[in-house]
Amino acid sequence: MNVVIEEKSKIYVAGGDTLVGASLLAELERRGYRRIVNRSVPEPDLADPAETDEFFRTTLPELVFVAAGKSGGIEANRKYPASLMADNLLVATNVIRAAHRHGVRKLLYLASSCVYPRLCPQPMEVGSLMTGPLEPTNEAYAAAKLAGLILCRAYRVEHGVNFVTLIPANPFGPGDDFSLEGSHVIAALMRRMHAAKIRGESTVRVWGSGRPRREFIFARDLADACIFVMQRYEDDEPINVGVGSDLSIAELAELVRETVGYRGRLEFDPGQPDGMPAKLLDSSRLRAMGWRPQTPLKTALAETYEWFCKAAEKEHGDRAFL
Ligand code: GFB
């Protein structure tokens, strides 16, 4: 049942305004796919079942990438667990149901690496899913993502549809959320160090102990992997998508400092939560299928920072962060 995405395939990226969704749209367009639903029809409110159903009924996409649903870093997860969980449950349910009802040929659901247990053996294998308690700081969001993953599997069992799940490492890149409350670590540190550089401040705070380890994937590489998986992966078991290596938050902070050109000191704040101690995915299955990430971390950080500087300047002009 391998799916060949043809130039004329009708494709819908649910959540075209999210980091991963926007990267997917850019990548699909770069490859010459012409019939992208997002380009001609505005996306509905995917938390609304009737609107979502009507959108699928009228647009009839053949292939659907599900990159929709609210998300955020550790702080947003601590403050807004109910909003994040409810939105992601609604979006997953509405999109998956409508996709089945309106005959979508294949659907790719994007989960998140926080679906693994807090103390999962590293690297995290799909077999470890649901073998232990979730990380408390993102339990609600993770439970919703797990529900989406299981819902895809349930639709396969009950209706024989071709719905698959991809579990990505932590994505980042141009277009990321750089807001104080919503950002993940890379965007947050870039923003803070950029501001400190401009204001001439001597220290920048880094949350937590600096010891947690994370695996990061550049959004463009993740988009490439999503298209690869859409074309070649058919199993009911989710597939991990990572780059195969991780680093500590302290190491990451140093890399961001180099990228930004900030010369001050980094100060760790143990009063802030660490979240999961480690989150490295076992991506051997995808590797064995021949997929490789294209962008080294340093290059990806530089590209992200360049985008951020331009966006900040556009919004605030010379007064950015002064
Ligand atoms: O990126 P982040 O919020 O995502 O945090 P998670 C990663 C690590 O960076 C944590 C540390 O150990 C944070 O304590 N960190 C240091 C910071 N400074 C900062 C900062 O200024 N901002 C932020 N945000 N972190 C999220 C989950 O977990 O990742 C979601 O909450 C989702 O559910 C997403 O899975 C991919 O990897 O900890």
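The chain is numbered in sequence order, starting from 1. Indexing begins at 1, ligand by ligand and atom by atom, following the structure's order.
Hydrophobic clustering (ILVMFWY, side-chain heavy atoms < 4.5 Å, transitive): Phe218 and Val185 are in one cluster.
At least one N/O-N/O distance between Pro273 and ligand 1 falls below 3.5 Å. At under 3.5 Å, a nitrogen or oxygen of Asn170, whether backbone or side chain, sits near a nitrogen or oxygen of ligand 1. Ligand 1 has an N or O atom lying under 3.5 Å from an N or O atom of Arg214, backbone or side chain. Close N/O approach between Tyr141 and ligand 1 is not found [any backbone or side-chain N/O within under 3.5 Å].
Arg287 contributes a side-chain N or O that, together with a main-chain N or O of Val243, makes up a donor-acceptor pair within less than 3.5 Å. The closest donor-acceptor contact from the side chain of Gln122 to the backbone of Cys120 lies under 3.5 Å. Proximity of a side-chain donor or acceptor of Asp87 to a complementary backbone N or O of Ala47 within less than 3.5 Å is not detected.
Of the N and O atoms on the side chains of Glu234 and Asn162, at least one donor lies less than 3.5 Å from an acceptor on the other residue.
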Salt bridge (charged side-chain N to carboxylate O under 4.0 Å, His left out) between Asp274 and Arg211, intermediate numbers included: CA-CA 8 Å; Asp274 270 346; Arg211 283 193 301 271; 5.1 Å; no
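Residue-level proximity to ligand 1 for Ser71 is absent, since no heavy atom of it falls below 4.0 angstrom. Contacts of Ser183 with ligand 1, taken as heavy-atom pairs under 4.0 Å, involve the backbone alone. Counting heavy atoms closer than 4.0 Å to ligand 1, residue Ile74 contributes atoms from both its backbone and its side chain. Contact annotation for Val185 and ligand 1: heavy atoms of both the backbone and the side chain come within less than 4.0 Å of the ligand.
Note on Arg156 versus Asp236: no salt bridge recorded, every NZ/NE/NH1/NH2 to OD/OE distance being 4.0 Å or above.
Within the listing of ligand 1, atoms 6 (P), 28 (O), 29 (O), 35 (O), 37 (O) sit less than 4.0 angstrom from a heavy atom of Lys279. Below 4.0 Å from some heavy atom of Ala188 lie the following atoms of ligand 1, by number and element: 20 (C), 21 (O), 22 (N).
By heavy-atom distance, the residue among Arg205, Arg192, Glu139, Gln272 lying nearest atom 20 (C) of ligand 1 is Arg192.
Using a 4.5 Å heavy-atom cutoff, the side chains of Pro174 and Glu303 are in contact.
The closest approach between any non-hydrogen atom of Gly72 and ligand 1 is below 4.0 Å. Using a non-hydrogen distance threshold of 4.0 Å, Ala142 does not register as a contact of ligand 1.
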